[in-house]
**Q** 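First the structure, which I've put down as structure tokens, then a few questions once you've had a look.
Ligands are counted one by one from 1 in listed order, and the atoms in each one are counted from 1 as well. The chain is numbered in sequence order, starting from 1.
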Amino acid sequence: MTNPILPGAVIGVLGSGQLGRMLAQSARQMGYRIHTLSPDSGTPTGQIADREIVAEYEDLDAIDAFARDVDVVTFEFENVSSAAAEAAARHAPVRPRGEVLHIAQNRAREKAALAKAGLPTAPFEAVAALSQLPAALERIGTPAILKTAGFGYDGKGQVRIEAGDDPAVAWQAIGEGPAVLEGVVDFAAELSIVAARGVDGDMVDFGLIENRHAHHILDLSIADMPLSSQQQADAREIARTVMTALDVVGVLCIELFLTRSGQLLVNEIAPRPHNSGHLTIEACPSSQFDQQLRAVCGLPLGDSARKAPVAMVNLLGDLWSERPPNWAAALRDPGVNLHLYGKASARPGRKMGHITAFGEDRDDAAKRAQAARSALLR
Ligand code: AMP
């Protein structure tokens, strides 16, 4: 193993949202210091960090100076440019490496990498210009989904195309490409697997998590989706293949569709901790953020076993629209844990925090998480 980065060292995180905040909490617990860089101040990560640097991600001089002051650079915001990752890499190891970001931040590159690794996905085709769309639709068939290649998340930059729809209207709706056209998957469930890979290639994962969305935003995650041992092994193998093919050091989430015939298809990858993995904070001896820290520091990975059935619900800004949420009512169930990200303004759709709940079984955990959230409106 290369020399590990030990407690007392400085972790540099590009991005300053809740993912960086929860990484910072793990880092602080283990005696590391943490610096964050983003264009904002007073951020969720900055509130916990030792230093909050306010700079644009395109400001390569600022990235250079940032990287000189830290022992390792990781990120929680994946749309950092290759140039910024390269600038950082001149002074400190960047984990995962910039090439992983470069692939994951563009759906066309991501899908091509998945196909190259032999992984199952929905049928897809890269579409660089409107002139290519009719032929692509012909091959993929309808219904289909047209997605912008870059900068899409939480269902933004997507449009569904039905038979007979005008391709030009869809093209305009996503801001005129470049794009990826995908066949619509008739899925039974959406799942994710969050995994960590260390410097020496060791891997752990947190098993299959079931994810339910509302208005394209993650609403509820329930750990330990009860699938066959073959399906669990398949998901694990998909994670291993992705992480090995991309030589990822750090945490990566793979979003999957479970088709009605029981097949697992890869939807997308996120080379960082993931919203669906937040439940690992209470539910696992080493959370996804602990594993990220251990992986990027070159330390052995921790135990990812679940202690009990567990579920998580997101708290969006909408919960604040009438009056401040009733925190005491939500916490009446002792199996409930509250996380708030320190965001100043509660806009509708904005992820403000989450609730994790334990239960007798998966359904009970989900019910208790949802009940606690409903109690916020009392
Ligand atoms: P994405 O931004 O790719 O994660 O897509 C956001 C959501 O849109 C997913 O969580 C799915 O609910 C839905 N979706 C995306 N791609 C497809 C597809 N090919 N077939 C069916 N639903 C999809």
**Q** I need the single residue from Gln231, Arg236, Gln232, Gln230 that forms a side-chain hydrogen bond (donor to acceptor under 3.5 Å, both in side chains) with Asp234. Which is it?
**A**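 Considering Gln231, Arg236, Gln232, Gln230, a side-chain hydrogen bond (donor to acceptor under 3.5 Å, both in side chains) with Asp234 is found only for Gln230.
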**Q** Is the shortest distance from a heavy atom of Gly183 to ligand 1 less than 4.0 Å?
**A**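 Right, Gly183 reaches ligand 1.
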**Q** Nearest heavy atom to atom 18 (C) of ligand 1: which of Ile217, Ile145, Leu265 does it belong to?
**A**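 Result: the heavy atom closest to atom 18 (C) of ligand 1 is in Ile145.
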**Q** Under 3.5 Å, is there a donor-acceptor pair between the His278 and Gln18 side chains?
**A**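 His278 vs Gln18: no donor-acceptor pair found between side chains.
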**Q** If only side-chain N and O atoms count, and only distance matters, is there a donor-acceptor pair under 3.5 Å linking His339 with Glu282?
**A**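 Checked: Glu282/His339 side chains pair up, N/O donor to acceptor below 3.5 Å.
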**Q** Output the list of atoms in ligand 1 that are nearer than 4.0 Å to some heavy atom of Glu255, sorted by atom number.
**A**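 Counting atoms of ligand 1 from 1, those under 4.0 Å from Glu255 are 4 (O).
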**Q** How does Asn211 reach ligand 1, if at all, at less than 4.0 Å between non-hydrogen atoms: by side chain, backbone, both, or neither?
**A**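 Neither; no heavy atom under 4.0 Å.
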**Q** Measure from atom 20 (N) of ligand 1 to every heavy atom in Val185, Leu181, Val180, Thr121 and give the option owning the shortest one.
**A**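 Nearest heavy atom to atom 20 (N) of ligand 1 lies in Val185.
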**Q** Using a strict 4.0 Å cut-off to heavy atoms of Gln158, name the atoms of ligand 1 that fall inside it.
**A**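 The atoms of ligand 1 under 4.0 Å from a heavy atom of Gln158 are 1 (P), 2 (O), 3 (O), 5 (O), 6 (C), 8 (O).
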**Q** Under 4.0 Å from any heavy atom of Phe187, which atoms of ligand 1 are there?
**A**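 Counting from 1, the qualifying ligand atoms are 12 (O), 21 (C), 22 (N).
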**Q** With heavy atoms under 4.0 Å as the rule, classify the contact between Arg107 and ligand 1 as side chain, backbone, both or neither.
**A**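 For Arg107, the contact with ligand 1 is made by the side chain alone.
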**Q** Backbone N or O of Gly46 within a donor-acceptor pair of the Thr43 side chain at under 3.5 Å?
**A**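 Yes.
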**Q** Is the ring centre of Tyr341 less than 6.0 Å from the ring centre of His354?
**A**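 Judged by ring-centre distance (under 6.0 Å), Tyr341 and His354 do meet the cut-off.
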**Q** Going by atom types only, do Asp64 and His91 share a side-chain donor-acceptor pair under 3.5 Å?
**A**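 Distance-only check passes for Asp64 and His91.
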**Q** Against heavy atoms of Lys147, which atoms of ligand 1 measure under 4.0 Å?
**A**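 Listed by number with element, the hits are 3 (O), 15 (C), 16 (N).
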**Q** Within the 4.0 Å heavy-atom shell around His213, which atoms of ligand 1 are there?
**A**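 Within the 4.0 Å cut-off of His213, ligand 1 contributes 10 (O).
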**Q** Can a donor-acceptor pair be found between the side chains of Thr356 and Asn337 at a distance below 3.5 Å?
**A**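 The criterion, which ignores hydrogens and geometry beyond distance, is not satisfied for Asn337 and Thr356.
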